[in-house]
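Each remark here refers to the structure printed beneath this line.
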Amino acid sequence: MRLPDSRLSRAVLMGTAEYEPNTGFSPLPAVARNLVGLADFLRTQTGLGHIVTTLDPQKPEAFYDSLTDAVAEAEDLLLFYYAGHGMAVNNELVLTYTGSHYDKVRYTTVPYSAIREDISRSGAAIKVVILDCCYSGKAHGPGALAGDRDGDFNEQAVIEGAYVLTATGTSQNFASASGPGGCTAFTGGLLEILRTGSERQEEYISLASLLPLLQSKLRGENHPLPRSSGRDTAAGLALARNPYWFAPRRKRFFRNKDTDLPPEDFTAVGVYDITGDASPRPLMSEHMKLIAAFDERFIFIDPDPVAVKAARERHRIFTSPGASWFDYDRELLSPGGGVWIRGEVINLDPEAKAALSISEDRDSFSSNELIKAILCAQVDVLVNGGLYTMVKGEGEVLDGHLGWRADVFVNGSEVRAGVIHEADNRIATPLGELEFAASSGEFVREPSITREMACEKDHGDNLRTLLHGSAEKSAQSVWCEQLCVEEARRKETTWRLAFDHQLRLAKFEGATAAKVFIRILPKLEHDHGAEDVREKLPSASEILRRIEWRRGLASQEIATLAIYVRDSIYRELSAADYSEDFFYPKLLQYFPVELAECSEMAVSGHASRHSIISSVIVDDILDFGGIDFCQRLYEQVRDSSIEVWRALEATLEIFGLRDIYHAVRSSAAPEKVRFELELALRQVVRRTSRWLLQNRPQPVAVSPEISRYRSRLIPLSDLAFRLYPAGLDASVADRITNAIDKGAPRELATQVFRRLDWTALLDIIEISESTGREEGQVAQIYFMLNSRLGIDHLLRAADLPQGDELWRELAHTASYDEIRALLRRLALDVVLGSVPEESPAEAVALWEALTLGRRAVRAGKLIDGLAESGLNNLAALSVAVRQLQTMINPVPFDAHPHR
């Protein structure tokens with residue numbers, strides 16, 4: 001069993017999704033997705049590099065043009081795929097193109113027999129045809145490219161090494177046009193099986209095994225059953241490795257989502273200098289059973305290590321200046337272990353050979369042979385902390401400058417580790433990465449810019465600068481230096497954990513976050529240079545392609561994006577004015593408490609005061625708002641990063657969100673539930689920050705705004721919740737219940753989702769202050785109006801999920817804010833139209849009794865009708881907003897009868 005040779009294989013993918021008007025053929029939009037999905041899979045998983053994709057061929061000649069070069073060039077695999085409308089003429093399959101006519105199929109179609117003849121002339125060892133169209137089962141008839149043991153076909157007509165897979169059998173004529181992922185049923189099912197694998201298969205999914213898997217899947221979904229025919233030489237070829245076969249190792253590595261490393265012991269091999277710093281976290285893990293490693297000088301083997309003891313020994317050597325693998329305590333090595341100088345002939349014991357999966361019947365190996373065995377060892381993780389390229393594509397010739405040993409290379413398909421963990425330096429060439437990915441391997445990569453190292457160094461320097469001006473430094477110099485080192489490492493660990501959390505949360509959002517990331521790219525290209533950004537991040541078109549398949553950015557790409565965003569915000573803050581008093585706590589927050597308290601004057605006059613405050617502000621933005629926070633707020637209100645942060649800081653303090661964020665992140669709830677809670681908090685942060693930027697004097701006066709609202713929110717929230725448990729949004733109760741059912745603590749889920757309504761409480765406080773009425777009375781009027789007019793339906797319709805197309809998202813956001821503003825104005829009208837002695841119910845009844853109120857009743861009925869018919873488009877929302885506007889009292893406030 002094997003995968004195709006990528007250099008000697010060719011694939012031709014053709015499909016007709018659109019047809020000319022009045023041809024009698026309906027469009028098949030799923031066909032376009034078929035081609036995109038299959039091309040992506042063959043490129044990334046099968047490893048094919050030569051793929052010709054033709055969507056909507058215009059003429060019959062397009063089939064010939066697409067096939068000609070592939071037929072002539074293919075030596076290993078020639079694959080032809082077609083999707084579109086198929087027809088039968090004289091019991092023979094014919095394929096359609098955009099100009100085909102239903103009433104003229106004899107003259108406006110391409111006979112499959114012509115394609116079959118061209119393919120049969122190819123010198124390719126394996127010829128595969130996949131047909132996803134009606135009547136495709138006719139391809140198994142007389143003269144078929146591949147034989148069928150159950151048929152009576154002429155054996156002389158059968159081509160050795162051929163395989164045909166069709167969407168229908170010989171007794172079924174019609175294929176299903178709708179299936180998973182927006183594809184047709186047949187191709188969608190095929191891709192799903194290839195991507196997820198099967199527990200019933202071994203390492204590879206062969207062509208022969210595809211048919212029963214496909215039939216089982218499609219039978220359960222009531223789709224036509226596919227059919228195949230082929231010779232043994234072709235049926236034994238694989239289009240991909242079986243992901244299910246590799247799953248146990250990947251699951252072990254990724255099971256604990258709180259860290260990059262699993263909570264239980266895992267096996268590993270390493271490529272690094274033990275005293276280096278390229279990738280210290282895996283090196284120090286007490287769960288890593290490092291069975292072998294090498295660097296430029298030594299080869300290390302420990303066939304069956306005790307994980308904890310080995311990790312402590314590695315830590316001892318790692319922290320010892322000048323130490324190396326040769327200093328490893330031999331008493332801790334398991335039987336068969338040892339440390340050898342590179343260049344020696346090495347004799348291995350049976351234990352070492354078994355650990356490295358060496359089956360050769362000899363005991364002596366050269367250093368290079370042993371290094372290749374280490375790179376190909378069947379372990380959970382290959383940790384790369386070295387500086388050299390050692391994994392290549394099959395047939396790829398590498399020059400000596402790419403590695404320190406030009407003869408020490410392995411192919412990506414030969415690497416049997418489930419995961420490659422690496423930092424800045426890449427162990428594989430692009431083709432090597434492709435082959436490793438095609439073998440169901442995974443990459444876990446540190447950020448391409450080592451911000452954590454800069455973080456540790458900068459923090460240590462800032463501490464030393466602070467202590468240099470302290471009177472106690474001369475007497476405490478040793479203590480001060482020790483504090484600098486320990487605090488710098490603590491800060492680095494804290495930053496790394498926060499950064500990892502941001503990456504996992506963005507990864508959890510997937511395609512939803514990717515839609516917003518596309519909109520960040522132009523700014524990053526402006527700030528960092530288009531060439532640099534395009535080299536390290538996928539293009540907008542590539543991200544859109546992934547979104548179509550409900551995929552987001554890879555972890556490494558998110559890490560790079562986050563660091564670019566952080567740097568862009570930091571640059572923008574370089575001109576910010578931090579002279580106001582409320583910035584001083586941010587400066588204190590940066591330093592250890594005991595140091596800040598005893599050196600307040602030194603802290604205040606720190607030479608790096610501005611850069612420290614900027615760094616703390618950026619960390620707050622990314623930690624509480626997310627990578628896309630500034631981008632989205634800029635799109636919605638066109639404010640700078642410092643103004644956005646002012647609103648964020650006020651929101652966090654007014655709503656008490658810092659403690660809730662911490663409670664969510666430290667909760668024992670499943671990670672998915674914690675992420676859902678945190679995304680709800682980010683929704684609160686965006687919504688309230690926008691309110692402050694739109695409704696309060698600018699720039700946002702952080703301290704006064706906190707004093708104005710914070711102490712009044714909790715009692716007002718309790719009152720509003722008692723009177724109107726559903727709040728402004730009836731879905732809040734459902735979200736609380738759903739989170740609790742998934743494992744969230746009841747109190748925590750309630751705290752998080754109830755805050756989605758708290759922006760309304762700010763409106764209530766504003767009305768209370770402007771009219772002098774009690775907040776409780778205003779709250780009752782506010783929520784009564786919300787209930788009477790069905791405002792909650794409008795708000796749910798306007799609150800579009802994050803990440804939609806920009807202008808549509810902005811239109812929905814504007815509608816949401818307008819509806820909230822109109823509700824606030826209506827509540828103000830009712831308050832002004834009443835007297836304090838009247839109850840809230842009487843005040844609303846009086847408002848409804850006015851002529852204006854009768855218009856409101858009519859408008860309210862219209863809004864109810866719109867809600868019943870569906871408010872899922874901007875046109876309906878626009879009509880609803882207009883109806884709310886007709887309810888506003890045109891009489892000036894000072895002329896109001898009760899003013």
Set out, in order, the CA-CA distance, both residues' side-chain angles and the distance that settles salt bridge (Lys or Arg N to Asp or Glu O under 4.0 Å) for D623 and R665, then state yes or no. CA-CA 12 Å; D623 196 25; R665 292 169 181 175; 3.0 Å; yes

Evaluate the side-chain hydrogen bond (donor to acceptor under 3.5 Å, both in side chains) criterion for residues E525 and Y564: first the C-alpha distance (whole Å), next the side-chain angles of each, then the deciding distance (0.1 Å), finally the verdict. CA-CA 10 Å; E525 291 180 359; Y564 275 137; over 6 Å; no

Could you walk me through whether R710 and E705 pass salt bridge (Lys or Arg N to Asp or Glu O under 4.0 Å), step by step? CA-CA 8 Å; R710 182 165 58 183; E705 295 295 343; over 6 Å; no

Begin with the C-alpha distance, continue with both residues' side-chain angles, and end with the deciding distance and a verdict on side-chain hydrogen bond (donor to acceptor under 3.5 Å, both in side chains) for Q885 and E818. CA-CA 10 Å; Q885 290 171 341; E818 178 69 10; 3.3 Å; yes

side-chain contact (heavy atoms from CB on, under 4.5 Å) between L785 and I781, worked out: CA-CA 6 Å; L785 288 174; I781 291 173; 4.3 Å; yes

For S615 and R566: C-alpha separation, side-chain torsions, deciding distance, then whether side-chain hydrogen bond (donor to acceptor under 3.5 Å, both in side chains) applies. CA-CA 9 Å; S615 179; R566 188 187 196 285; 3.2 Å; yes

Could you walk me through whether W691 and F655 pass the ring-ring contact (aromatic ring centres under 6.0 Å, His included) check? CA-CA 13 Å; W691 187 94; F655 283 7; 9.4 Å; no

Is there a side-chain contact (heavy atoms from CB on, under 4.5 Å) between W645 and L648? Walk through the geometry before answering. CA-CA 5 Å; W645 173 80; L648 169 66; 4.3 Å; yes

Y578 vs S614, side-chain hydrogen bond (donor to acceptor under 3.5 Å, both in side chains): CA-CA, chis, key distance, verdict: CA-CA 9 Å; Y578 297 142; S614 293; 2.8 Å; yes

Please test R773 against I767 for side-chain contact (heavy atoms from CB on, under 4.5 Å), starting from the C-alpha separation and ending with a verdict. CA-CA 8 Å; R773 297 291 180 86; I767 297 172; over 6 Å; no

Mind running side-chain contact (heavy atoms from CB on, under 4.5 Å) on E769 and R712 for me, showing each step along the way? CA-CA 12 Å; E769 286 212 347; R712 303 156 73 174; 2.7 Å; yes

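The closest side-chain heavy-atom distance from W847 to L826 is below 4.5 Å. With contacts defined as side-chain heavy-atom distances shorter than 4.5 Å, the pair R754/D718 qualifies. Side-chain atoms of V664 and F675, non-hydrogen and from C-beta on, never get closer than 4.5 Å to each other. Within the 4.5 Å cutoff, the side chain of L633 has no heavy atoms near those of the D639 side chain. Within the 4.5 Å cutoff, side-chain heavy atoms of I660 are placed close to those of R755.
With values rounded to the nearest 0.5 angstrom, R682 atom CZ is found 12.5 Å from L657 atom CG. The CD atom of Q631 lies 9.5 Å from the CG atom of L521; values are rounded to the nearest 0.5 Å. To the nearest 0.5 Å, the span separating CG on L789 from CE on M784 amounts to 12.5 Å. For the atom pair OH of Y634 and NZ of K523, the computed distance is 8.5 Å after rounding to the nearest 0.5 Å. If you take OG on S568 and CZ on R571, they are separated by 6.0 Å, rounding to the nearest 0.5 Å. A distance of 8.5 Å separates CD1 in I547 from OG1 in T512, rounded to the nearest 0.5 Å.
Note on K515 versus E509: no salt bridge recorded, every NZ/NE/NH1/NH2 to OD/OE distance being 4.0 Å or above. The residues D817 and R690 are annotated as salt-bridged, a charged nitrogen and a carboxylate oxygen being separated by less than 4.0 angstrom. Between E653 and R658 there is a salt bridge, since at least one side-chain N of the basic residue sits less than 4.0 Å from a carboxylate O of the acidic one. Ion pairing between a basic and an acidic side chain is recognised when a charged N comes within 4.0 Å of a carboxylate O; R708 and E766 show such pairing.
Environment of CD in E774: sparse, with no more than 12 heavy atoms of neighbouring residues, nucleotides or ligands closer than 6.0 Å.
There is no side-chain donor-acceptor pair under 3.5 Å between R687 and T651. Between T688 and W758, the side chains place no donor N or O within less than 3.5 Å of an acceptor N or O (distance only, hydrogens not considered).
The aromatic rings of Y661 and F624 sit perpendicular, their planes meeting at an angle over 60°, well past the 30° parallel limit.
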